[in-house]
Structure formats: C-alpha cells, structure tokens
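Counting starts at 1 for both ligands and their atoms, in listed order.
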Amino acid sequence: MKHLLSIEELSKDRIWKLIDHAATLKNEREKGPHEHKPLLGQTWAMIFTKASTRTRVSFEVGVRELGGSVMFLSSNDIQLGRGEPIKDTARVMGRMVHGAIIRTFAQQDVIDFSKYSGIPTINALTDDAHPCQILADLLTIRERLGTWENKKIAFVGDGFNNMSRSWMWAAKELNFHLAIAAPANCLPSDSYMKCLDSPNISLHTDPTEAVDGADVINTDVWLSMGQEDQADKEAQFDNYQVNTELLKHANPSHIVLHCLPAYRGKEITEEVLEAYSDVIFQQAENRLHAQKSILAKLAAHQSSEF
Ligand code: CP
Ligand code: NVA
C-alpha cells in the first residue's frame, strides 16, 4: 500500500489488517510511548484547503508519536491558494518531504498529488471520500459491538456525500448491510449503484425503514464543507433528523455514530448527541489510532522499496 486515497482501493484483508494494527497501537499507547518509531527522520506535510479539528490534531499527534515531524500548510498560506497547479506543488513537495496528508475538494487533486509527488499520500477528506474516518468508525464498531459482520448499519442524512460514499465502498468489501436514508435527490444515482454492484446496500427515502432493527445509526452534516449556502438542499432534510423517536425503530442495543462536527437541532438532537457522547467521542479518539496504523503501513511500504 503506497497511498491511501479512498476506501474503494482497499481489499477486505487490508482493512482488517489496518484495524487490527490500530487496535494494537491503541493498546500500546495506554502503556507509554511507542518504542518502534517507523517515521523516525521523516517530515510529513499536511496540506489543508478546508477546516479541520479532529483530522488535523490526530495527524499532527500521530506523526510525532511515530517519530516523525510534521508541517501544517493551509492552502491559503502557500502558492496553491494563489493558483499554482497541484502537480507543481506535488513535484516540489516530493523532493523535500517524505509523505503528504491532504484535505481538499476534488478527489482528482489527491490522485494527481500522489502521482506527481511520488511520495505516500493520504486523503484526509475530499468531496468524494473520507477513508480515515471510516477506518476509525470500523474500529469503534468493533470495540463496541465485537464485530461489524452481519450487522445492520444505517446512514441517515446526505446519501451521496463523502461519508456515505465511503461507507458504501466499505459495505461492498465487508460483510455488513448498509441502509442509507436520504431525500430522493440526495441518494446515489443508478449509475453509481451499478458501478458499486453490491448486494450489501439498500437505499431508502423513509428513515424509519433504514433504521429498522439497525445496530449502528450513523449520521453526518446535511451540508458538507463548501455547500454551506445551499439552503434549498438543507430544506429537504427535515424528516432525516436522528432523534429519540427515530431511534425507537433500532435494535435496542444500538449505538449512534457521528463523525463530527455536529449541528445540534439539525441532523441530530442535542439529547441524542449527549446520550451517545461516550461512543461518539471514542469514535473521534479512534481517528488517532486508525491514522497511526495507516502511517505505519505506508512507512513500511516505503522502507521495503529500498
Ligand atoms: N470528522 C472530521 O474529519 O473532523 P474534522 O473536520 O474536525 O477534521
Ligand atoms: N461530510 C462532511 C464531513 C466532515 C468531517 C463534510 O465534508 O463537511
């Protein structure tokens, strides 16, 4: 594994190994600093075009804990923000740093960066994908429910944003049922579903159908970063709030996940967010462990090249 650009490129075996290693790193960290420092002597760049709390902090801490150093570059502060092409930025970075973590709009930009830089590249969120978040969520589900296998995972909200798309690719590879509930025009297109070609996914416009008997109820903002002015889109989501009434349809031992940040009173109520805050903030913490697992894997690939 040279890069992590999307869940879609990971095999079932690779996902399992990344989660297993994340769990090992989490256990080790509870005992003290890691002895093995796979990023020793390396400098990683974080290039962010969108805001971030969890991803930024967890990667900055993770790179340092694995022995590396890290520089955070807001795209506004580098020439990228003034229109320098991503391929030129990539060719400069590739000669100076050992790896890059990128948060931006277009998926094609992280693909191009990985190609032109030649260094390990991690997608820290694009409009299409949020692979780091999914790995953290899977770790959380395994910690809480023992396994994701044969579970029903409901995703209530924008059925075609970076989170729901990434969940779909995870469902295709792993053995769980994903039920997505969204307004009709925020569900994946027929052509997308045809391309996915998975029996593990069902689409619903009625959220109670998706949540019926679900073990995990997952939600995300109705308007993703960059869509904040789309009031007409947001207006369609009134029936898609994760609230106490909706959760009555779930398996009684369900958990609720939210990748955060949350807009209380919109996609989730204050009451539900606080009632499930234990698991939701465990999910946030697991970003650190999952991403250290990714970083260690990419470093191992790099050293095996020499
Ligand atoms: N969930 C997530 O990626 O959070 P941030 O936007 O704060 O990084
Ligand atoms: N779908 C959200 C995820 C935030 C972590 C967004 O892209 O803004």
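The atoms of ligand 2 that sit less than 4.0 Å from any heavy atom of Leu260 are 5 (C). Applying the 4.0 Å criterion to heavy atoms of Thr55 picks out, from ligand 1, the atoms 2 (C), 3 (O), 5 (P), 8 (O). Per-residue contacts place Thr53 under 4.0 angstrom from the following atoms of ligand 1 (heavy atoms of the residue considered): 5 (P), 7 (O), 8 (O). Near Ser224, meaning under 4.0 Å from any of its heavy atoms, are these atoms of ligand 2: 1 (N), 2 (C), 6 (C), 7 (O), 8 (O). Contact atoms of ligand 1 toward Arg287: 1 (N), 2 (C), 3 (O) (distance under 4.0 Å to a heavy atom of the residue). Close approach of ligand 2 to Asn161 is summarised as follows: ligand atoms under 4.0 Å from at least one heavy atom of the residue are 1 (N).
You'll find the side chain of Pro131 stays beyond 4.5 Å of the side chain of Leu5, heavy atoms only. A 4.5 Å side-chain heavy-atom check between Glu35 and Glu28 finds every atom pair outside the cut-off. Side chains of Tyr240 and Pro207 form a contact here, defined as non-hydrogen atoms less than 4.5 Å apart.
At a 3.5 angstrom cut-off on N or O pairs, Cys259 counts as close to ligand 1. For Arg56, no nitrogen or oxygen atom sits less than 3.5 Å from a nitrogen or oxygen atom of ligand 1, counting backbone and side chain alike.
Side-chain contact check for Asn243 and Gln241: at least one donor-acceptor pair (N or O, by modelled atom type) lies under 3.5 Å. Side-chain atoms of Glu9 and His3 form no donor-acceptor pair, as typed in the model, at a separation below 3.5 Å.
Clustering ILVMFWY residues whenever any of their side-chain heavy atoms sit less than 4.5 angstrom apart, transitively, puts Leu187 in the very cluster that holds Tyr192.
The closest protein non-hydrogen atom to atom 4 (C) of ligand 2 is Leu125 CD1, 3.9 Å. In terms of protein heavy-atom proximity, atom 8 (O) of ligand 2 is nearest to Met225 N, 2.8 Å. At the top of the distance list for atom 4 (O) of ligand 1, counting protein heavy atoms only, stands Arg54 NE, 2.9 Å. Residue, atom and distance of the protein heavy atom nearest to atom 7 (O) of ligand 2 are Asn162 ND2, 2.8 Å.
Only the side chain of Gln133 comes within contact range of ligand 1, with a heavy atom under 4.0 Å; no backbone atom does.
With atom 1 (N) of ligand 2 as the reference point, the heavy atom nearest to it among Asp220, Asp158, Leu223 is part of Asp220. For atom 6 (O) of ligand 1, the choice among Arg103, Gln283, His130, Met225 with the nearest heavy atom turns out to be Arg103.
Judged by distance alone, with hydrogens and angles left aside, the side-chain atoms of Ser52 form no donor-acceptor pair with the main-chain N or O of Phe48 at under 3.5 Å.
Between Arg165 and Asp128 a salt bridge is recorded (basic side-chain N to carboxylate O distance below 4.0 Å). The pair Lys266-Glu234 meets the salt-bridge criterion, with a side-chain N (NZ, NE, NH1 or NH2) lying under 4.0 Å from an Asp/Glu carboxylate O. Under the 4.0 Å criterion applied to side-chain N and carboxylate O atoms, Arg91 and Asp88 are assigned as salt-bridge partners.
Within the 4.0 Å heavy-atom shell around ligand 1 one finds Leu260.
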